[in-house]
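Here's the structure, in structure tokens; my notes come after.
Naming convention: chains lettered A, B, ... in sequence-line order (proteins, then strands); numbering from 1 in each chain. The basis for the numbers below is simple: all heavy atoms, side chains too, and nothing from hydrogens, waters or symmetry mates. Every value quoted in this text rests on a predicted model; they were computed, and no experiment measured them.
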Amino acid sequence: MNTKNWSTFCIDIEDSIRELWKRNKAYEVHINSNETYFICDFFPYPSAAGLHIGHPLGYISTDIYARYKKMRDFNVLYSMGFDAFGLPAEQYAIQTGQHPEITTNENIKSISNQLKNLSLSHDENRVFSTTDSEYYKWTQWIFLQMYDSFFDHTEVWYDKFNNKIQGKAKNISILRKYLQSQKWIIQNGVPVPNNDFANENNSIPKPSKNEIEKALNEARLAYVANVKVNWCAKLGTVLSNEEVTADGLSERGNYPVTQKSMQQWMLRITKYAFRLINNLQYLNWPENISTMQKNWIGESRGVEITFESEYGAISVFTTRPDTIFGVFFIGLAPEHCIAQKIAKMHNLDLSQLQNSTNLNTKIGIKTGIFVKHVITQQKIEIWIVNYVLHNYGTGAIMGVPAHDTRDFEFAKKYNIECKPVIIPTDKWLLENYEGDAQNVTIEQLHDLWKNDSYQYKTAYTEVGDLYDFAKLNMNNKATINEICDWFNDKGYGKCVIKYKLRDWLFSRQRYWGEPFPIVRCAKTNQIYPVHIDNLPVLLPKQMNFEPEYDVKDPIPPLQRNKDWTHVKGVIQNGAFLLDENGSSFIRETNTMPNWAGSCWYYLRYMDAKNKNEFVNFDTAKYWSGDSYGAVDLYVGGAEHAVLHLLYARFWHMVLFDLGHVPTPEPFQKLLNPGMITANAYRDKRGVYVDVNLVNLKNVDGKEVAYHAKTEEKLEICPGKMGKRYKNGVNPMQICEKYGVDVFRLHMMYMGPLSQTRPWNLKNIVGMERFCNSLWRIFENSYDLLSKNFNENISKSSKNDKHENYDTNDNLQYDFQKMLNDVTLEMENLRFNTAIAFIITFCNKYKILPEKYLLNLLRILAPFIPHFAEYWYMRLRESVIAKHCKYTSILHEKWPKYDISSPQQNVILVVTINGRFKATNKIDKNATDENIIEKARKLALLTSETKYVIVRKEKIIVNFIK
RNA sequence: GCCGUUGUAGCUCAGGGGCAGAGCGCAUCCUUGGUAAGGCUGAGGUCGAGAGUUCAAUUCUCUCCAACGGCACCA
């Protein structure tokens, strides 16, 4: 008996095998005739801290899946990149005083090494960083595509799956033609379709060339605007809505964010609001991420109703037009232009309203100005209130006290009239009556609601029957949608869809990002895109890159570098071309946010070395396959739900509309690996103690922590892993001790992939033992095989419960079942359970004949590739060489489920009242009489008893007593 | 408040209408020339509570309880 085991040799074996694979360029992929599968991880920031334990969780799972898919004959695209622009890299550079390019490159190098040690099967020829000028050249190019496009919402077209798409991005020159031909006209400076286009007699004057160019700027998907922005003084930059938390703090760093007006680049993501929601139905994404995106985009369908007042028309938006006869006031946001007008004329002080941060306390100012109800013509008073948000809907509401909780609270406080129009349920009346509901009848409750609604705690917000449907000329089954249409048809209002989503603020006042490929004429201040021949616009290398903090009007770092900003050139076909003898232009000095580079990197993997295009269309088509989304499997953290995942979808849609990519969406299947949490330890003073200095003891079944040196008892705080908690775990240290294969198994076996889990290194010995026990299976079987051991004998370690099986029959059944189970788990990325099935099988069979030995190795290969390769090489040199067709396990195929093993005998289960009694084998085609006779014997029943026979994969007999 | 997820061994998690599973931990034993380690064997569960459907429910349905996650004056 051999006493060697895997843990003794794994480090050396893994090293040499990794070296072998590297020499053979084992992971390079090329276009071939196989079906494709594209697997992608969210690429990492090359942080100075290197990989933390959370990274490998996702990476190892994608690697296992990639290896598995290759074994299933797919041509698998699997690579890695680095998201190296942006605040974190830059702030680290500022801290260390080193140029971000230097630190970034160093970090990339060290993380690449760490990744290599994990033996991920990435194609290294496709690895890049977003900071490579050859890459950001195309980031700039895509930005210019957006600058050069507008969204034609009138276009109706179909994708390759025949799904209808409303609206399409088109080249801006098309809009120029539309305006020239007056198919579109300019309204308030904005291009809109001309409804009278067919009418030859339309008398709208032709716009001038200047007017057209100005209007085009109002339609471009990338545009400059003077907007109220989220300014974060501590970061010295503006932030997008998505980068600000609900508490008004910066997502990164938790710094306060204030509002400020600035001229900024914006991307018109709002044009895609409908498609961003609608397409979700075609993607296999986790429900919670889809929901978060839907919530963020915030679609509501309703009616826009315009009320006339002496200060001008006031449009309100409502999703509940059924409550139109319950309107008793109009609420305006303090910033609403009519509110401002009224305040000015009547000397009203709105500052208290504007400054109120706590909207739970609703306050308002009575104006004494009235509008006319659109249907009844009754007078309704205008109030200026703090709880109406200026930036949602129209900034004005119709106040329906009886059917909106906010309006109810407000109106009750200011004693505004309240008449309900919807009949509530009895249950609701009982539960919400302020008084003692026991002493009144249901009829009285209904009367009270109708005549004195303020006797109730709150508004009735459910949809329900109206007291008076006749007023709407509708039957009482009318849905909200039908009522919306009714408003539309009668001309009382307009059906509209509103979105919460705002346009994407795309400028940052920082150095470490992609420069905009934009210049301004020094004389006219006119904006021009940089000609493609002059891309990339490189970042200047040597300069002071620190931003200005806490200043009122900050200057972006690039603006201080006059050598870089001032350029000479000429305008050719509307684009700027460098020319020493040309006139003076000034470069745009903002940079793009770090999200820019991550919006399209997955596309670059397909064609990473292409010098002429961001990606070749046919190549993209090959790797995208027939899916709706380009990436078949995309794995990464849920924290990017409304950031990266929303932005990248938007870019992809624009590229799709313009015909640059073949699929409507970027990511078909999305998976979020759970977070890995860990205990942190604090001493009496509340100072965190490094996990390496903590001793854990088991006291009465409870874990107690002590300081390794001072013996002080420590407080255990469960939570996130992080530098400041001194509880970070370095995956490389673990690999050095246990080997990568054991580490990979352990990471996968901790639980389902998407589940947040606590880190616990102790349990890794379980997987170490499993590998050692696998080693013994191979070693012992190999010994016997070398001695011409007979294939027909296998040895079962435990007393076999199915004693009636002959050994080989049993092995075949168990192996096929295991293979079947594991395959199903692999397909669904449930690697923890796949491993569990393998363990259960291996617990039972300690010696295997050659056919099974090889098949087991194939099943193990995606999980523990080094182990598998080592044994594959040994088996190749042995007596069973004839079965090993390839030079490496990496070329082996996944075992096939052997359906050609007809099992004449099936399991018979005997139960009494559903309780298990006995089991045996029986002929699959046995008659009921035969079955019941055998069952009766097994259950030791002599008398006649009622029974049921169920024939499935097993035959079940249930006796009923 | 709205939406969603989860309750199975001491812990972390599988499973699934018809013998309750894995790893760790725990216990017994064996090794003592892999030794602050390795191996064998074993104990452990009313499958969150209650009702319903069924010949049969841990599994399906409903109600409740508990925990977690996301969103939230969005008109």
Residue met sooner reading RNA chain B from 5', once A:G766 and A:G751 are mapped to nucleotides: A:G751
Mind telling me if B:G34 is syn or anti? Syn here is a glycosidic angle within 90° of 0. syn
So, A:E299 and A:K500, do they make that salt bridge, N to O below 4.0 Å? no
A:K737 NZ: over 12 foreign heavy atoms closer than 6.0 Å: no
When we call it a touch if two heavy atoms are under 4.0 Å apart, what does A:V950 touch: a base, just sugar-phosphate, or nothing? base
Find the partner of B:C29: check Watson-Crick (N1-N3 plus N6-O4 or O6-N4) and G-U wobble (N1-O2, O6-N3) distances, both under 3.5 Å, and reply none if neither fits. B:G39
Could you please name the option among B:A75, B:C55, B:G70 that lies closest to any side-chain atom of A:M292? B:G70
Describe the nucleic acid contact of A:D404 in one word from base, sugar-phosphate, nothing, applying a heavy-atom distance below 4.0 Å. nothing
Give one of base, sugar-phosphate or nothing for A:I960, where a contact means two heavy atoms less than 4.0 Å apart. sugar-phosphate
Does a side-chain N or O from A:R776 land closer than 4.0 Å to OP1 or OP2 of B:G38, or not? no
Determine which nucleotide pairs with B:G18, using a 3.5 Å limit on both distances of a Watson-Crick or G-U wobble pair. B:C55
When the C1' atoms of B:C74 and B:U5 are compared, how many Å lie between them, rounded to an integer? 25 Å
Please give me the minimum heavy-atom distance between A:H403 and A:T461, naming the atom from each residue. O-CG2, 3.6 Å
For A:V388, report the nucleic acid contact type (base, sugar-phosphate, nothing); a contact means any heavy atom under 4.0 Å. base
B:G44 glycosidic conformation (syn if within 90° of 0, otherwise anti) is syn
Under a 3.5 Å limit on both distances, the Watson-Crick or wobble mate of B:G44 is none
Looking only at side-chain atoms of A:N958, point me to the closest of B:C13, B:G18, B:A75. B:G18
pair_partner(B:U63), Watson-Crick or wobble, both distances < 3.5 Å, evaluates to B:A49
For A:I839, which contact category applies under a 4.0 Å heavy-atom criterion: base, sugar-phosphate, or nothing? sugar-phosphate
Looking only at side-chain atoms of A:F317, point me to the closest of B:A75, B:G39, B:A14. B:A75
Among B:A75, B:C13, B:G23, which is the nearest nucleotide to the side chain of A:R406? B:A75
Please give the nucleotide sitting opposite B:G23 as a Watson-Crick or G-U wobble pair, both distances under 3.5 Å, or none. B:C11
Both A:E768 and A:I764 contact RNA chain B. Which one's nearest nucleotide lies toward the 5' end? A:I764
Working to the nearest 0.5 Å, report the span between CZ of A:F317 and CD1 of A:I497. 8.5 Å
What is the base-pairing partner of B:C2, counting Watson-Crick and G-U wobble geometry with both distances under 3.5 Å? B:G70
When all nucleic acid strands are considered with a 4.0 Å heavy-atom cut-off, which category describes A:T911: base, sugar-phosphate, or nothing? base
